[in-house]
Amino acid sequence: MLVTYDGIVIGRREIGENSCFIDILTDEQGVIEATAHGAKKINSNLLSSAALFSYSTFCLNKNKLRYTVNSAKPKFGFHELGSDIVKLALASYFAQAVKYCTPSEQVQSESSRDSVVRFFAIALYETLHAGENGRSLAAVKSAFELRYSSMLGFAPDLVACDNCGQYECERGMYFLPRKGMLLCKDCLNPEYDGHVLLYPETLFAMRCAVFSPPERCFKFSVSGAAEKQLSAITEDYFLYRTERTFTALEYFKGLAL
Ligand SMILES: [Zn+2]
C-alpha cells in the first residue's frame, strides 16, 4: 500500500554501505521508521530527502508493519545546520525531545491545534537564523520548550494572577513552576515552593511563546538577567513535565556555556 505524508527526518541510522533507516516526523502518524534503500548513493533521488532535518513529501510503501521510502520530493532542507556545531546540537535536542514525546505510528490526538511538523520546521528555521535577528539560541530554545510543553497538554496558565485575575502587577508577578501558574505579589503565599519573581521581559517572552500563532511564538528578544531567568524556567518546566533529561541537551549546554 502506498501512503503519502509531509514530514521531517528527525533521526537516521546507517544500514550497510548504501542504505539507512530514517525516522520521519508526521502529523498523521507520529514518528514513522522507514527504510531508504540506496539513499547514500551519490546518484540516489533520496540523497537529500533522507538527510537529517530534511522536510519533504514522502511517498512510502507500507508492507505489514514496515515502511520503505518509495520516492520523496524535498520541500525544504536545513542542511546548513550541519556547519554550526552549536546550532546542530540544539536542533538535535529538539529532535530527541519530539521523538521521545511523539507516539510512533499513531494518529495524532486533536488536543493540540498546532501541526507538530510545521512547528518543528519553524523551530529549525529559527535555530538556523538565530543571531541574525537579535534573537539568541537560548531564546529559541526557551520558546521551543515552553510552546512544545503546551502542545503536549502542559500549557502553563500565564493569562493572569490565578487568584485575583490581575494581568499585571506593579509589585511584580511570580511564576510557580510546579503548579504552572502566576500569582501577583499581593496574592503570593511566601511558603509556596520555588516561586520566581519574573522580570517583565521574561513574562512577556513566556506569554509570546505560549499564546502567539506558531510562526510568531519565537519572535521575542530577551537579554541579560531576563534571558538567564527565562532559560532556567523553561528548561526546568519542560524536563519536569516530560520527566526525563536528554543527552543532546547536555551536549548542547556543554558547547554553549
Ligand atoms: Zn493576585
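We count residues from 1, following the sequence as given. What you see below is based on every heavy atom in this structure, not just the backbone, and it leaves out hydrogens, waters and symmetry mates. For ligands, and for the atoms within them, numbers begin at 1 and follow the listed sequence.
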- Message: When you compare the side chains of Tyr125 and Glu215, does any donor N or O come within less than 3.5 Å of an acceptor on the partner?
- Response: no
- With sequence neighbours excluded, residues passing side chain to side chain donor-acceptor pair (under 3.5 Å) with Asp236: Arg178
- Item | Criterion side chain to side chain contact (heavy atoms under 4.5 Å, CB included) on Lys40 and Glu17, from CA distance to verdict | CA-CA 7 Å; Lys40 287 156 72 182; Glu17 277 188 21; 5.7 Å; no
- Do other residues, nucleotides or ligands put more than 12 heavy atoms under 6.0 Å from Phe119 CZ? yes
- Query: In the single-linkage hydrophobic clustering (I, L, V, M, F, W, Y; side-chain heavy atoms under 4.5 Å), do Val86 and Phe53 co-cluster?
  - Reply: yes
- Task: Tell me the protein N, O or S atoms under 2.8 Å from the Zn ion (ligand 1), in chain and number order.
- Result: Cys161 SG, Cys164 SG, Cys184 SG, Cys187 SG
- Task: Kindly check if the number of other-residue, nucleotide or ligand heavy atoms within 6.0 Å of CD1 (Ile85) is above 12?
- Result: no
